[in-house]
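What follows is a short report on a single structure.
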Number of protein chains: 2
Amino acid sequence: MSETECPSAKACTQSREGLASCEELAAIFRALGHPARLAIVKQLASQEEACCGEIVNHLPLAQSTVSQHLQVLKDAGLLTCDARGRNCHYLLNREKLQQAEHCSKEFWEHLNSLAATCSGASVAASDSD
Amino acid sequence: MSETECPSAKACTQSREGLASCEELAAIFRALGHPARLAIVKQLASQEEACCGEIVNHLPLAQSTVSQHLQVLKDAGLLTCDARGRNCHYLLNREKLQQAEHCSKEFWEHLNSLAATCSGASVAASDSD
DNA sequence: GTGTCTCATCGGTGATATGCGATGAATACC
DNA sequence: GGTATTCATCGCATATCACCGATGAGACAC
């Protein structure tokens with residue numbers, strides 16, 4: 001039974017900086033972590049741009065709620081707003097989206113590569129640490 | 001005047017079901033939408049499995065808080081818990097993670113393909129920024 | 001000017017998230 | 001038996017989210 005005692009009395013190795021490195025990706029995930037916002041992004045991808053009213057009509061939500069979701073996406077940099085007359089046309093920020101996609105991909109690849117690395121020699125690794 | 005009036009007086013075309021299709025991916029994004037949880041997932045990828053104490057030592061958070069984050073990830077299906085003695089070993093749910101990665105990839109590809117479809121005609125708009 | 005349309009923002013409400021310390025159950029060790 | 005360790009859970013405080021209706025600003029039509 002003494003075989004798998006965890007060395008848990010160590011000092012904290014990952015402090016605020018450790019978390020900070022995750023913050024950018026986490027912010028993207030958080031912004032996309034709501035069905036309505038995902039739906040908005042998808043809609044904008046499919047029709048290039050849309051005014052707020054159009055987006056509202058595609059969602060079972062009040063205009064004010066949709067406007068707030070749009071604000072969240074805008075704050076995250078995922079879309080931009082182009083005011084024209086009394087309409088406000090929203091469009092995706094391709095640059096930011098590509099960057100987000102890149103971050104996301106990198107994350108998954110990171111997971112996969114680490115998984116591949118250690119699942120081959122998994123058991124040995126745990127006691128060496 | 002009539003140039004860019006939005007046809008916004010339409011009925012709502014995307015009701016609850018429309019949102020429902022986004023819910024699965026949104027749930028994954030939401031679970032990963034916190035720096036601490038991202039850090040936990042990364043850590044588990046790098047060392048295959050870890051007990052709660054180890055994870056706590058890698059984060060600038062109290063044990064109870066980390067335990068809650070672990071619960072969130074567990075609820076999302078991203079990791080599993082394997083109780084051994086008084087230790088509880090957490091490990092990533094590879095299957096779910098691959099599924100999540102797939103969903104995520106599909107999402108980005110969907111965006112890109114739609115973007116490619118309609119942005120052929122719209123380059124002028126984007127470079128103004 | 002008035003009226004209408006579009007949209008952001010305000011204020012309020014209820015739910016959820018985030019964090020902590022305290023506590024208790026289960027296990028391991030003596 | 002007693003004690004220590006590990007971890008989940010409870011209780012609480014605070015912050016943020018999600019949603020709505022109401023309101024107001026700006027643009028347009030007349």
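In what follows, chains are A, B, ... by sequence order, proteins preceding strands, each numbered from 1. From a predicted model like this one, the values you see are computed outputs, not experimental measurements.
Electrostatic pairing of A:Arg30 and A:Glu23 does not count as a salt bridge here, judged by no charged N lying under 4.0 Å from a carboxylate O. Here B:Glu109 does not pair with B:Lys105 in a salt bridge; the nearest charged N to carboxylate O distance is not below 4.0 Å. Checked for salt-bridge contact, A:Arg94 and A:Glu48 meet the test: a charged N lies under 4.0 Å from a carboxylate O.
For the pair B:Arg84 CZ and C:dA26 C1', the interatomic distance rounds to 17 Å; values are reported in whole Å. Residue A:Glu49 contributes atom CD, which lies 16 Å from atom P of C:dT6 at whole-angstrom precision. For the pair B:Leu32 CG and C:dA17 C1', the interatomic distance rounds to 16 Å; values are reported in whole Å. The distance between atom CG of A:Asn57 and atom P of C:dC5, rounded to the nearest whole Å, is 14 Å. Distance, B:Asp75 CG to D:dA8 C1': 13 Å, rounded to whole Å. Distance, B:Glu54 CD to D:dT6 P: 11 Å, rounded to whole Å. Atom CG of A:Asp82 and atom C1' of C:dC7 are 14 Å apart (whole Å). Between the CG atom of B:Leu79 and the P atom of D:dA8 there is a distance of 11 Å, given to the nearest Å.
Each of A:His69 and A:Gly85 lies near DNA chain D, and the nucleotide nearest A:His69 is the one positioned closer to the 5' end. Mapping B:Arg37 and A:Gln63 onto DNA chain C by nearest heavy atom places A:Gln63 at the nucleotide closer to the 5' end. Closest-nucleotide positions on DNA chain C for A:Gln68 and A:Lys74 were compared, and the one nearer the 5' end corresponds to A:Lys74.
With A:Asn87 contributing its side chain and A:His89 its backbone, the two residues share no donor-acceptor pair below 3.5 Å.
Proximity of A:Ser67 to the phosphate of C:dA8: a side-chain N or O atom is located under 4.0 Å from OP1 or OP2. Residue A:Asn87 places at least one side-chain N or O closer than 4.0 Å to OP1 or OP2 of C:dC7. Between A:Ser64 and D:dG21 there is no side-chain polar atom (N or O) within less than 4.0 angstrom of OP1 or OP2.
The SG atoms of B:Cys81 and B:Cys88 lie less than 2.5 Å from each other.
If you check C:dG21, D:dG21, D:dA4 against the side chain of B:Arg86, the one that comes closest is D:dA4. Listed nucleotides: C:dC20, D:dA8, C:dA8. Nearest to the side chain of A:Tyr90: C:dA8.
Using a 4.0 Å heavy-atom cutoff across all strands shown, B:Arg30 reaches no nucleic acid atom at all.
Taking 3.5 Å as the limit, the base of D:dA8 and the side chain of B:Gln71 contain no donor-acceptor pair of atoms between them.
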